[in-house]
Chemist: 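Below is one structure. I have some questions about it.
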Amino acid sequence: MRRKMAAGNWKMNGTGDTLAELTTLANDHAQAGCDVLICPPATLISRAAERVGHTTIAIGGQDCHAAEKGAHTGDISAAMLRDAGASHVILGHSERRENHGESSEMVRAKARAAWDAGLTAVICLGESLAEREAANTLDIIGGQLAGSIPDAATAENLIVAYEPIWAIGTGRVPTLDQIGEVHDFIRARLERRFGAGVGKTTRILYGGSVKPDNARDIFSVANVDGALVGGASLKAADFGAIIAALSA
Ligand code: 13P
């Protein structure tokens, strides 16, 4: 019912040389049993899209501006991402929320802009360690979900990514029960807000220190429909192993 997805977020990593990894990935996983999405830095999007144009690998941006165009020096619109060859865009990543002060309201406006440009939004939700230790995880996730996702969500234009901030780049992964609890909660909230059709078919990815050696266990959890991978998406061998775990 929900096709699995392996999504790679290269963050601020990669120059032209790095595209060789993408070529390896395309050659080795032409027949991947899951959807594959790579979100390179903006400077590489058009070159990446050209490299994988003949394959099923999709290319995405890591952020976009909420406005269609205008005086926003240094920013990139959703239509520009689309024009460069992207089909998806990551929005509301915790690094954007923290480093750029992005509120859920801003993320929601960006998602609307992404949809207007025909992009699928990968909207990220996640609690800090302090919030988890204070037993506020579900409140935080519920609030971010309500605030960040516009009303016009469908299973085609939306992918949700649960990324606990304390698991990103730390090697510290929640227990499978903790992952399952949040994914079940997100699923229930999506069903309540958007109805069973959209709620049951929208994909929910897990992100935060996903590696080849823990991927299979994480993917065994109900309502985990794939992964949003940072560090381990930079090397085709590692990301390929994660693709293989999802395709099994
Ligand atoms: P890591 O896989 O490096 O922990 O990063 C996760 C992430 O933030 C993906 O968006």
Side-chain angles (χ1 to χ4, degrees), residues 4-14 18 21-22 25 34-42 44-45 48 57-64 81 86 88-100 102 104 107 110-111 114 119-129 131-132 137 140-141 144-145 148 158-176 178-179 182-183 186 203-219 221 224-246:
K4 307 276 189 209
M5 170 175 268
N9 174 11
W10 284 8
K11 307 192 180 186
M12 197 173 72
N13 297 291
T18 319
E21 298 295 328
L22 198 52
L25 205 61
C34 64
D35 287 348
V36 178
L37 168 68
I38 295 288
C39 300
L44 291 179
I45 288 177
I57 296 178
I59 299 297
Q62 299 175 11
D63 176 49
C64 71
L81 293 177
H88 293 66
V89 61
I90 297 171
L91 294 174
H93 191 282
S94 60
E95 289 151 16
R96 298 289 318 172
R97 291 179 189 263
E98 282 184 1
N99 302 346
H100 299 269
E102 287 190 11
S104 288
V107 175
K110 289 176 178 214
L119 298 175
T120 296
V122 182
I123 298 185
C124 303
L125 316 173
E127 83 286 3
S128 68
L129 188 58
E131 288 161 345
R132 174 161 287 276
T137 298
I140 295 293
I141 299 300
Q144 289 178 347
L145 186 151
S148 306
L158 174 69
I159 294 167
V160 177
Y162 168 54
E163 296 207 316
I165 296 168
W166 50 277
I168 295 175
T170 59
R172 193 174 165 194
V173 181
T175 64
L176 300 185
Q178 287 174 324
I179 294 174
V182 178
H183 280 243
I186 293 172
R203 290 178 285 189
I204 308 172
L205 311 182
Y206 167 78
S209 295
V210 176
K211 306 289 177 200
D213 62 2
N214 62 20
R216 197 172 292 266
D217 284 346
I218 292 171
F219 299 151
V221 178
V224 173
D225 304 312
L228 181 54
V229 184
S233 72
L234 293 168
K235 291 275 169 239
D238 290 343
F239 197 57
I242 291 168
I243 292 171
L246 261 179

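One-based numbering, in listed order, for ligands and for the atoms of each.
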Chemist: Is there a donor-acceptor contact under 3.5 Å from the side chain of Asn13 to the main chain of Thr18?
Modeler: no
Chemist: How close does the nearest protein non-hydrogen atom get to atom 6 (C) of ligand 1, and which residue and atom is it?
Modeler: Gly230 N, 3.7 Å
Chemist: Hey, is the main chain of Ser128 close enough, under 3.5 Å, to the side chain of Glu131 for a donor-acceptor pair?
Modeler: yes
Chemist: Strictly under 4.0 Å, does any heavy atom of Gly207 approach an atom of ligand 1?
Modeler: no
Chemist: Is the closest heavy atom of Ala232 to ligand 1 under 4.0 Å?
Modeler: no
Chemist: Checking a contact table here: which protein heavy atom is nearest atom 3 (O) of ligand 1, and how many Å away?
Modeler: Gly231 N, 2.8 Å
Chemist: Under 4.0 Å from any heavy atom of Gly208, which atoms of ligand 1 are there?
Modeler: 4 (O), 6 (C)
Chemist: Within ligand 1, which atoms have a heavy atom of Asn9 less than 4.0 Å away?
Modeler: 9 (C), 10 (O)
Chemist: Working to the nearest 0.5 angstrom, can you tell me the gap between Leu22 CG and Leu234 CG?
Modeler: 11.5 Å
Chemist: For ligand 1, which atoms have a heavy atom of Ser209 less than 4.0 angstrom away?
Modeler: 1 (P), 2 (O), 4 (O)
Chemist: Give the atoms of ligand 1, by number and element, whose distance to some non-hydrogen atom of Leu228 is under 4.0 Å.
Modeler: 9 (C), 10 (O)
Chemist: What's the separation between atom NE2 in His183 and atom CD1 in Ile141, rounded to the nearest 0.5 Å?
Modeler: 9.0 Å
Chemist: Quick check: are there more than 12 heavy atoms from other residues, nucleotides or ligands sitting under 6.0 Å from NZ of Lys235?
Modeler: no
Chemist: Mark yes or no for whether Gln62, through its side chain, and Pro40, through its backbone, hold a donor-acceptor pair below 3.5 Å.
Modeler: yes
Chemist: Checking Arg97 against Ser148: is there a side-chain donor and acceptor pair closer than 3.5 Å?
Modeler: yes
Chemist: Should one rank Glu163, Gln62, Lys11, Lys211 by closest heavy-atom distance to atom 5 (O) of ligand 1, which comes out on top?
Modeler: Lys11
